[in-house]
Structures are given as structure tokens and as C-alpha cells.
Amino acid sequence: MNIRKIIEILGNKKAGFLLTMVMVLSLISGSLVMNMNVDIYPPFFEFDFKYFFYPVQPVHMWFYFLLIVSLAYSINLVFCVIEQFLLVKKIKNIEAKRWASILAHIAVIFALIAHLIEGSTVKSNYVEISKKPVSINGFGSFYAESIQEKFYPDGKLKDVIVNLKGQKADGTEFDKIMSYNNPVTFTAGIRTILIQQITSAGSSIVLKRNSDGKTLPLDYQGQIKTPEGLLRLAGIEKTKSGFWLVYLKHILKNSEEKSIYLTGSEDIKDACSLTQNKDYFLCRHMNIVIKNETYSFFKVIETPVIYALVKYNPGVHFILPAALLMCVSLILQMLSTQKKKPVL
Amino acid sequence: MNLQLFARILVYISVVIVFISAIIALVYDKKYIKKPIIIVVVFTGLFFLIRAYLKEFFPFTDKLESFITLFWLICISAVYYINKFSNKEFSVLLFLAFLAGLGVFIFKDIIKYPPPYLRTIWYPLHVPASFLAYTFWFMAAIKSMFKSSTHHSNSAFISNLNRNAYMLFTFGMISGGIWGYLAWGAYFLWDPKLVWSLILWFYYGNLLHIDYIPSLKKYKRNFYIAGIFLILITFIGTGFFSRSIHRF
């Protein structure tokens, strides 16, 4: 059997037609299975193969079948394109329509590769972006220099403009604007930071001097000098009862660190539930002494916080050429429909 | 009378005109109804202009607008392709438009500002392109329902409709994919609407090849008629009976 015959068999149109129909049927069954098993398939979950293999479950059978059919379909598609190319070599005046068809098929191959790469390598997680710097592996560290909300006349949220500053994983500084439908991207689009929601959280605290009531503000970037060392803000959280719990770090001159928890809650158990520490002693710091003056928790300043999705998807580098090839194919197809005569 | 109510009344009138036109096409001749359908297109176009003005955005964001968009696109396509259809086929097409138009009597008419996710140029490109593709596929299915579809010229017209629809839908998929990447960091997710869009894309892409496979060509009509159910599930099923983020 010569190579030409093998190409003809593997790129058979009828086989391709039937394989596509089987793929359609497995997608239909997958859609129904996903809709009926809400507990297994969370709504709007991403294209991640690991989800289907760790662990392997009978309920994912439709997906395993889809993978096998897709593989057979891809082989058929590749040989179909090869066959088309061999045909093109023979013809002198090639219609734009034929090129459109070849490019569309190549675009589908690129799209399939993109999905294969995405499915096996995609990683994502959610982070809260505020003035407090956050560090993500591969992305570097960043924080929101400013968060500006825009509203409609009826008070509903229209957009959020975030000035994101930080340092990439390679050490270079960046200063970018992020908003809805306008993510911050790195590594030519492989890594993205996207706004998902906006909420509010404590960004800084105000301590009150007990003797005269004078206030002392402290945010994540700031520090207070004490006779023993430096006092820094390390976290602000809300208890189940709605009281603030402030976590401070006292860095002593001998580099030793001490944790201090301040709370506005009188219920120590409630406050301690957030510290995940059973040692109630840690939660009993209702006051803190700085330069012989006793300070207590006064209030928390709330500012907007971005609930963002941080995503790593190397498949992007294949989906972009796929989209581009498909667009060229569409244009060629339109030209051939209008002229109805060979243009190439 | 406020603008919102005025816009709705324009569609009430349009839906009634389309229903009467469907009967006229069936009983008399479609040549009498071209002008009334053009009036419908203008009235519904005004409806969208008014809503765009009130919402300060493209008006394809809720149930009511989605159904009226389909109604409008079917009417526009009907006028454009009027000579390609027989009286019966045209009547069925208008009846389909009428069913879509009934949405104006069923769904609540609320003017809401769009959520931040929708505020992108990809949204107004994605939705009408996909809906126009649905319209062309519906037309191909209606054409396939009647015996005349076996004639060579009609069969070519069906394939032509599918090619146009497929190009539009592909454009809709690309624009939707770009939007998805910018809004959710993903051009594809296991969302029912996205899965069913992919189903439609593969299904009708496959039907583009059917003319080149002699042994399957005899099933062409059946495939196009079966396609109606896939479109209905994609357009209505996933919108009402699934957990899709595209749910109306």
C-alpha cells in the first residue's frame, strides 16, 4: 500500500463526517451528565483535564469517550489537510474557496492543540487584591495602588479601574491598569489577572492612645517604631459576629517576631476562631504598649478589594493563530462568495 | 406615554402584522406582504433604538430583547430572501418569527443597565452574529421540510444558507472566545451554552461536507430538520433549563 492510499484512507471524508457526528453525540451526553450531576460538575468550571482523571470516575465516561473520538477526529483532520495540499499541488488556478477551506481545517487543528495544552496545563486560583501586596508563583508580587469604582445613575456598578503595581517573577517592575474585560497579562497572554468581583475589606487600622484619645493610623506599607523594635500590620479580618480582628507583627531588635491580635470583639472565642490558634493567650492583647503609652484598637478603615482570578494557560499561544487563520478563511470565503470566480 | 411603553407597542403591532402576513402568505400570495414586513423591520428597529437610548447600551441583554432580536432578524432575512421561498415555506418562516415575537407578551419589560462584564465591543459583535446564524439555519431547516428541497437549486440554496450561517457563527464563536478570555481568562469553559454552541458548530460544519459525500447526501434534509432541535436547545434550553452563566 503506497503512502497516497494511506492518506486517502486516514483522511476519508465519510469517516470524518461520522466521527464528527459521534463527537457531537458525546458532547450532548456530556452536557446532560454535567447538568444532572451538579455536585460533581460545579457550574462554570474550567477546561482542566486533571479534574477528570484525579480521580477517574465512571460518571466521567462521556469525557474519556470524547477524548478518544477527538483523537481519531484529529488524525482524520490532519490527513484530510495533507490530501487537500496534495490536490492543490496539482491544480494551477486555485480558487479562494479552496484556500479558505484548507485554512479553516488548519485552524481547527490549532484549536484542538490549544485545548489539549490548556486541558493538561491550566492553573488558576483566586486572590484578593488590595493595598496589601500579594505574591503569586510565576506572576511575582503586586498590589492595587488605587481602586476606582464607576457607577450608573441608579447606583449599580458600571466598572472598576484598578492601578496594579508590582514586580514580575523576573524582577522587572510593572504598572498596569486593569478593569472589567481588560485583564493584566504577562508572558504574551499566557498569564492573566482578571477582575471577578469587587468587595470591601479592612486596609488600615487606627489605634487610640488611652491617655488622651489621640489616634495613630497604621497601614500595610507603614510601621510604628517602638522601643523594642518595629510594629507592622499583618492582617485584618472580620469575625463571624462582624467584629474586626487585627493581626500585628512586632519585630524585635534581635529579629524575633511576636504576634499581637487586637479586636473590637468582647467575645474572645469568636475572635480566636479566625486566628486558628487554640492558645487564647494570643487573643488577649486588647491593648498594646508603645513608648510607655497604652494604645487600644479604635477602628478599621475599609477600602474596596478586588476578588481576582489569576490564570496560567499556555494554550493561548495556539488559540491565537487558530483564530487568526479562521478569520483569514472567513475573509477568503466571503471574497469567493461575492466574486464566484477564481481569485488566486 | 413613556418611551419604553411606546417601543413595546411598536413590537405588539409588529407581531400582529407578522401573524396576519403568515396567514396571507399561506392563503393568498407572499407578494402582498413584502411591504408590511418591511414596516415590521422598521418598527422593531425603532424598538431597539429606543431601548439602546434608555439603556445606554446595545439592547440584547435580557429575555425580551433576545427573543425580539431573533424575531427581527427572521423578518429582515425573510424580506431579503423572499423570492427564494414558496408561499408555504414563507408562511412557516413568518410563523416562526411570530413565535419568537410572542416573547414581548411573555417576558417582563425592565430597563436595566448592563453589568460590567457585558460592557465590551465583543458582546454586540458576538450576539447578533450568532442569532443571525440561528436564523439562517432555521431557514435552511424550513426549506428542507418541503419536497422542493430535493431540487438542485434548492439544495444549493440550503448549502448556501448553511455556509453563510456557519461563517457568522464562527465569527460569533471567535468574538465570544475573545470576550471570554478578556472577562474570565478562558475561551472555553464547561458551560452548557458554550458546550451546545460547540455542538452546533461541529454539527453544521459537518453538514458543509455532506454535498461531497454521495452516500450521505440523501439524508441532507433530515440533518437540517434535526438541526432545529439543536438550535432550540442551544438558544432556549440552555437559557432556561440549565446552570449556564448565559442563562437569561
Side-chain angles (χ1 to χ4, degrees), chain A residues 13-14 16-18 20-21 23-24 27-28 30-31 34-35 38 41-47 51 101 104 108 111 114-115 118 122 124 150 152-154 156-160 179-183 189 192-196 198 309-311 313 315-316 319 322-323 326-327 329-330 333-334 337, chain B residues 56 112-123 160 163-164 166-168 170-171 173-175 177-179 181-192 194-196 198-203 205-210 212-216 223 230 233 237-238 241-245 247:
Chain A
K13 278 196 184 71
K14 194 174 174 181
F17 188 93
L18 295 173
T20 312
M21 282 304 172
M23 209 152 79
V24 163
L27 277 169
I28 291 174
S31 167
M34 283 191 281
N35 212 44
V38 187
Y41 302 101
F44 211 55
F45 75 102
E46 64 185 4
F47 195 77
Y51 187 81
S101 160
V108 176
H115 282 90
E118 181 187 359
V122 70
S124 65
K150 286 183 176 179
Y152 288 114
D154 66 355
K156 282 189 181 154
L157 185 68
K158 186 176 183 182
D159 206 350
V160 178
S179 57
Y180 276 102
N181 296 311
N182 177 29
T192 44
I193 306 170
L194 306 107
I195 296 178
Q196 297 295 287
I198 183 161
L309 175 67
V310 177
K311 195 151 188 165
N313 176 15
V316 168
I319 206 74
M326 199 51 101
C327 286
S329 162
L330 289 180
Q333 187 68 52
M334 278 195 291
T337 313
Chain B
E56 299 171 25
K112 270 195 298 192
Y113 289 113
Y117 281 122
L118 299 187
R119 297 188 63 85
T120 164
I121 187 64
W122 301 107
Y123 183 74
N160 210 20
R163 197 172 61 242
N164 292 342
Y166 193 73
M167 281 161 63
L168 284 163
T170 303
F171 177 72
M173 295 271 277
I174 292 171
S175 50
I178 295 171
W179 176 29
Y181 172 74
L182 297 175
W184 296 282
Y187 35 81
F188 183 78
L189 290 157
W190 289 114
D191 177 73
L194 299 193
V195 174
W196 276 90
L198 193 64
I199 289 168
L200 274 190
W201 193 73
F202 273 123
Y203 184 81
N206 214 17
L207 291 192
L208 286 175
H209 300 81
I210 204 162
Y212 305 102
I213 309 167
S215 59
L216 293 173
F223 277 121
L230 299 184
I233 295 170
T238 58
F241 308 110
S242 76
R243 303 168 293 126
S244 173
I245 196 157
R247 196 172 50 228

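The basis for the numbers below is simple: all heavy atoms, side chains too, and nothing from hydrogens, waters or symmetry mates. Per chain, numbering begins at 1; letters A, B, ... match sequence-line order.
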(request) With a 4.5 angstrom heavy-atom cut-off, could you sort out which part of A:L157 is near chain B: side chain, backbone, both or neither? (result) both

(message) Using heavy-atom distances under 4.5 Å, tell me whether A:L330 contacts chain B through its side chain, its backbone, both, or neither.
(response) both

(message) Can you tell me how far apart OH (B:Y117) and CD (A:Q196) are? Round to the nearest 0.5 Å.
(response) 4.0 Å

(request) Nearest 0.5 Å please: distance from the CD1 atom of A:I319 over to the CE atom of A:M326. (result) 9.5 Å

(request) Could you grab the distance from atom CG of B:L200 to atom CD1 of B:I233, nearest 0.5 Å is fine? (result) 9.0 Å

(request) Pick whichever of A:V24, A:V310, A:I28, A:D159 has the most heavy-atom pairs under 4.5 Å with chain B. (result) A:I28

(request) Answer with side chain, backbone, both or neither: which region of B:Y187 has an atom nearer than 4.5 Å to a non-hydrogen atom of chain A? (result) side chain

(message) Any heavy-atom pair between the side chains of B:K112 and A:D154 that's under 4.5 Å?
(response) no

(message) What part of A:V160 gets within 4.5 angstrom of chain B, counting heavy atoms only: side chain, backbone, both, or neither?
(response) neither

(request) Sort A:E118 into side chain, backbone, both or neither according to what part of it lies under 4.5 angstrom from a heavy atom of chain B. (result) side chain

(message) Quick check for you: to the nearest 0.5 Å, what is the distance between A:M21 atom CE and B:N206 atom CG?
(response) 4.5 Å

(request) Check each atom of A:K311 against the heavy atoms of chain B and say whether the ones under 4.5 Å are side chain, backbone, both or neither. (result) side chain

(message) What part of A:L194 gets within 4.5 angstrom of chain B, counting heavy atoms only: side chain, backbone, both, or neither?
(response) side chain

(request) Answer with side chain, backbone, both or neither: which region of A:I193 has an atom nearer than 4.5 Å to a non-hydrogen atom of chain B? (result) neither

(request) Please state whether the side chain, the backbone, both or neither of B:I178 comes within less than 4.5 Å of a heavy atom of chain A. (result) neither

(message) Quick check on A:T20 against chain B: is it the side chain, the backbone, both or neither that has a heavy atom closer than 4.5 Å?
(response) both

(message) Do A:Y180 and B:P115 have side chains that approach each other closer than 4.5 Å (heavy atoms only, starting at C-beta)?
(response) no

(request) Could you point out which residue of B:Y166, B:F171, B:F188 forms a ring pair (Phe, Tyr, Trp, His ring centres under 6.0 Å) with B:W201? (result) B:Y166

(request) Might you work through the side-chain hydrogen bond (donor to acceptor under 3.5 Å, both in side chains) test for B:E56 and A:Y152, ending with a clear yes or no? (result) CA-CA 10 Å; B:E56 299 171 25; A:Y152 288 114; over 6 Å; no

(request) Please flag which part of A:N313 lies under 4.5 Å from any non-hydrogen atom of chain B: side chain, backbone, both or neither. (result) side chain

(request) Below 4.5 Å from any heavy atom of chain B, which atoms of A:A322 appear? Answer side chain, backbone, both or neither. (result) neither

(request) Against chain A, work out which of B:P114, B:A186, B:G177, B:S215 has the most heavy-atom pairs shorter than 4.5 Å and name it. (result) B:P114

(request) For A:S31, enumerate each residue passing the side chain to side chain contact (heavy atoms under 4.5 Å, CB included) test, keeping only those at least two apart in sequence or located in another chain. (result) B:V195, B:W196

(request) Compare all side-chain heavy atoms of B:W179 with those of B:L118 and state whether any distance is below 4.5 angstrom. (result) yes

(request) With a 4.5 angstrom heavy-atom cut-off, could you sort out which part of B:I213 is near chain A: side chain, backbone, both or neither? (result) side chain

